[in-house]
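Throughout, protein chains are lettered first and strands after them, A, B, ... in sequence-line order, and every chain is numbered starting at 1. What you see is a predicted model; the values in this text were computed from it and never measured. Side-chain atoms are counted along with the backbone in the values below, which use heavy atoms only and exclude waters and symmetry mates.
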Amino acid sequence: MKRRKFLQKSMGAAAILGVPSCLQAKSSIVEKAQISGKKVIFIRMQGANDFLNTLIPFADTQYKKIRPKLHIKNDKVLKINEKLGFHPSLKNIYSLFKEKKVGLIQGIAMSGKPVLSHFKAMDIVESLNRDLDTTADGWLAKVYALNNKNKEKNIKAIMQGFQDLGPFEGNSHGVMLAGNHFTSLNVNNKKMQMMTNNHENNNEALNHILSVQETINEGKKKLMGIKVDMNLSDKSLKWFEKRIIRQSKFTVEFLAKNKQVPWAFISMNGFDTHKNQLATHQKLLHQFDLLVFNLLKSLRQKKLSQDTIIVTYSEFGRRAAENASLGTDHGTAGLSFVVGDKVKGGLFGKYPSLTDLAGQNLKSHIYFEDMYKTLTLDWMGFKKFPFKGSNIPFI
Amino acid sequence: MLWLSPLFSLNQDEAKHLLSRVGYFYTIQDIKKLEKLNYKQAAQWVLNKTLVGGNDYSLGGGFLEFKKFRNSVLKGMGKKTNLDNEVKIINQYIKNKKLTSRQWPQEIKQKKKAIRQFFNQEQRKFRKDLAIALLSKIKKDPLNLGHKMHLFWHNHFVSGMEKVNNLEYIFNQNQYLYQNSLGNFKSMTEYLLFDPAMVFYLDIHKSKKEKPNENFSRELLELFTMGQGNYSEKDIKELARALTGIHFNWGKGKVVFRPNQHDQGEKTLFGEKGNFNPRDVLNVIFKQDDVSYFIAQKIWKHFVSPKIDKNMIKKMAKSFRESSYDVSVLMKTLLSDKRFYDKKYHGVLVKSPIEYMLQLEKIYEYLDVKNDNFFTNKNIIGKYKQLGFVFFNPPNVRGYQGYTKWINTATLAVRTRFIDQAKKRNMMKLNSKWKYKQLCKSLFDNSICSQKKIRQQFYMSLKSAQFQLK
């Protein structure tokens with residue numbers, strides 16, 4: 001915060017203070033983006049991650065009753081206190097938690113009546129809009145609009161593994177969607193031709209394409225010179241480890257090179273564990289653990305770890321009791337991780353009761369609005385937040 | 001019929017509009033033909049074209065042989081190859097020792113894994129063949145509405161290869177959807193309830209009497225028939241009970257209904273009470289007017305515009321209901337109404353990857369640009385993947401969202417790059433300007449096509465935002 005304010009204030013006096021011209025150019029961009037220099041990397045766990053088997057209430061006898069086949073054995077749980085512990089796959093997150101670098105938002109869910117369809121729930125979680133018939137703008141697009149920053153054409157986010165713009169839906173010119181492997185945005189592309197200068201028209205599709213074209217032209221400049229330094233033929237690493245390391249390095253390298261891009265998103269799929277959950281969930285959490293670990297490692301290497309936090313979300317949690325196919329069905333309350341060197345580690349919210357259920361689902365007392373609000377105002381330093389919510393003290 | 005006054009017939013822009021919405025590629029001749037027809041006749045012209053071209057996707061002998069081979073190996077009875085014999089020995093070994101999969105020795109596990117990998121490899125190969133067969137079928141007959149309808153239903157009743165993991169089932173499902181793409185929607189839904197690919201994709205067979213699987217009943221209402229918000233959570237629970245008993249008979253390779261696994265109790269669905277079985281519930285669902293509205297609206301959004309014309313949806317839904325859900329009647333109602341041709345709907349939809357690629361291919365073919373089989377080689381699957389489209393494997397049960405979702409920074413860069421890549425090796429041929437002009441006129445605004453440097457202008461237009469639209 002302080003550093004940025006200094007930059008902002010020094011802007012006008014740049015010439016007198018003798019700031020080199022290259023820095024002048026940079027600080028003007030910083031001012032334009034009106035951000036604190038803080039960054040957030042979101043990890044989206046698509047398909048709904050199972051809360052009860054991620055942060056495990058091992059001491060609760062009810063846990064084994066409702067999960068007769070799916071519970072994690074007591075001696076395998078990575079215990080953080082006398083009641084709760086992590087899934088055995090989360091080894092790195094476990095040690096980060098002990099260093100107080102991990103905040104756990106217990107039982108986070110959408111506010112209001114739960115929606116149990118993946119798509120609608122994800123729409124709601126990413127837009128905070130409950131009107132199910134319209135495709136609404138994402139919550140971040142609304143944050144930018146409310147703070148009068150939506151007209152800015154500079155890139156605000158990079159998203160990997162997304163089919164849509166998620167929380168930035170409705171702000172397409174501000175977001176760079178990179179495929180899984182970043183090969184498609186080839187810097188050698190010839191400049192796109194634009195046949196019309198007429199931006200003022202009612203054709204939604206045409207406007208969308210024109211603004212995506214502009215983003216591509218800007219994004220090409222941003223991608224230039226970003227190299228991921230790793231040995232791809234290293235035989236000691238599994239394929240998914242390579243993918244995760246590459247993804248982490250690229251993301252952090254990109255954020256380091258482009259100081260004015262505050263948001264990065266990575267989507268992980270496959271958490272919809274309706275059957276044979278144990279093996280699938282173990283594999284996915286292992287990959288998730290590696291991703292968080294590698295991101296933080298790269299952030300530290302690039303000296304960004306003081307300015308960046310990693311946040312996770314899922315469209316909802318899973319049903320409290322297991323189903324007949326060794327899996328769990330769609331539920332409500334979930335778990336969000338906030339990880340970083342600047343995070344105040346610990347437990348937030350109340351662990352949902354396993355006996356006091358709403359139907360068959362866990363009751364939640366803490367909502368996505370609360371988490372987003374904390375990120376927007378307390379961390380990123382925006383002035384306004386468009387939804388009601390209460391602060392969660394993880395910063 | 002041609003004596004009709006031109007006042008009642010399509011103008012050039014309307015003809016282009018119709019052709020680009022129902023077909024994949026058209027020429028100036030097609031436009032000229034339509035300019036002589038009125039809206040009703042134009043709709044009939046389109047529907048008549050669906051009768052041409054035959055009903056099968058010919059996959060050649062390779063796929064059939066693979067099917068036979070796979071089935072024989074899976075039954076452990078094949079004698080053709082070493083692999084067959086190994087499978088036979090392995091299966092016999094497991095059978096004799098009565099081992100559960102956890103108790104298999106390491107060696108057996110590895111061999112099983114190797115065989116599975118082999119199958120997956122072969123399957124990928126034939127999946128490519130199937131995609132190429134589909135594309136070449138469209139190319140032969142680009143104005144056949146049947147193709148567009150097939151892909152519409154494929155994206156409506158989604159089943160993905162990754163989950164189903166059996167090309168034969170996916171092939172059969174697509175064959176059915178293609179053959180019935182303009183048929184009866186209710187029969188289609190009923191067929192898919194017992195379709196192996198659908199059953200595996202949505203885990204229908206895992207639903208148990210004691211714990212019915214709500215997943216499928218939710219999708220059936222939300223995505224296939226009624227749309228979000230037109231049913232209650234209670235309806236979903238009751239429907240799930242009614243849908244129990246659908247199982248897969250592995251011996252016969254067929255989906256069957258097992259009454260003893262079915263919840264025989266009374267259910268209440270949309271206020272109606274009865275001991276509904278899976279077929280009965282479809283009758284109840286299809287009594288709801290919401291079904292016709294839901295499909296009419298989806299068709300409108302797919303073929304006309306994201307902006308709904310409420311009166312038109314009403315008219316379409318009515319004709320759909322009154323024809324007992326005949327898709328060709330629904331399409332005829334749409335295409336013969338002057339509201340379909342309204343200028344405000346021209347050029348407001350985004351070309352899908354298949355539409356984009358096939359049009360580019362046809363353009364290069366027409367201009368004799370040598371493209372080194374850019375559009376037909378084995379890499380074609382990978383190219384579509386870069387455009388955000390995976391053959392026979394939509395991203396999730398909701399299918400592709402299409403429209404502006406086709407275009408993001410990644411896919412638009414690739415689309416533009418393909419224009420150069422496809423003609424890289426042998427730069428544009430110096431065709432006569434006349435050919436360029438003809439093509440230009442059929443694709444773009446006439447004002448662009450009268451300029452002097454028509455060739456350069458034409459390639460520039462291909463890279464414009466307008467070329468992404470239809």
Exercise for review: Kindly write out the residues that satisfy ring pair (Phe, Tyr, Trp, His ring centres under 6.0 Å) with A/H71, not counting sequence neighbours, or none if the list is empty.
Suggested key: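 Applying ring pair (Phe, Tyr, Trp, His ring centres under 6.0 Å) to A/H71 gives none.
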Review point. Does A/D329 come within less than 4.0 Å of B/K237, counting only side-chain N to carboxylate O?
Key: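 Salt bridge flag = no for B/K237 with A/D329.
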At their closest point, which heavy atom of [X] faces which heavy atom of [Y], and how far apart are they?
X	Y	value
B/L412	A/I209	CD2-O, 4.0 Å
A/A324	B/K208	O-NZ, 3.7 Å
B/R398	A/D123	NH2-OD2, 3.4 Å

Practice item. List the steps and the verdict of side chain to side chain contact (heavy atoms under 4.5 Å, CB included) for B/L469 and A/N203. Key: CA-CA 10 Å; B/L469 300 171; A/N203 191 334; 4.2 Å; yes
If you measure from [atom1] on [X] to [atom2] on [Y], what distance do you get to the nearest 0.5 Å?
X	Y	atom1	atom2	result
A/D272	B/D203	CG	CG	9.0 Å
B/E219	A/H118	CD	NE2	7.5 Å
B/S464	A/Q213	OG	CD	8.0 Å

Practice item. Return yes when atom NZ of B/K298 has more than 12 non-hydrogen atoms of other residues, nucleotides or ligands closer than 6.0 Å, and no otherwise. Key: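 Yes - once you tally the heavy atoms of other residues, nucleotides and ligands closer than 6.0 Å, there are more than 12.
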Check your understanding: Got more than 12 heavy atoms from elsewhere within 6.0 Å of NZ, B/K209?
Key ->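 Yes, NZ of B/K209 has more than 12 neighbouring heavy atoms, counting only those of other groups under 6.0 Å.
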Check your understanding: Using non-hydrogen atoms only, which part of B/K307 is less than 4.5 Å away from chain A: side chain, backbone, both, or neither?
Key ->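 When you check distances to chain A, only side chain atoms of B/K307 fall under 4.5 Å.
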Exercise for review: Indicate yes or no for a side-chain donor-acceptor contact from B/K211 to the backbone of A/S325 under 3.5 Å, with no hydrogens or angles considered.
Suggested key: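 Absent.
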Review point. If you count heavy-atom pairs under 4.5 Å between each of B/E214, B/R218, B/Q468 and chain A, which one has the most?
Key: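 Ranked by contacts with chain A, first place is B/R218.
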Review point. Does the side chain of B/N215 reach to within under 4.5 Å of the side chain of A/H330, using non-hydrogen atoms?
Key: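 Counting from C-beta outward, B/N215 and A/H330 do come under 4.5 Å.
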Review point. Considering only heavy atoms from C-beta outward, does the side chain of B/Y403 approach that of A/H208 to under 4.5 Å?
Key: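 B/Y403 does not reach A/H208 side chain to side chain.
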Check your understanding: Of all the residues in residues 345-353 of chain B, which have a heavy atom that comes within less than 4.5 Å of a heavy atom in chain A?
Key ->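 Listed by number, the contacting residues are B/G347, B/V348, B/V350.
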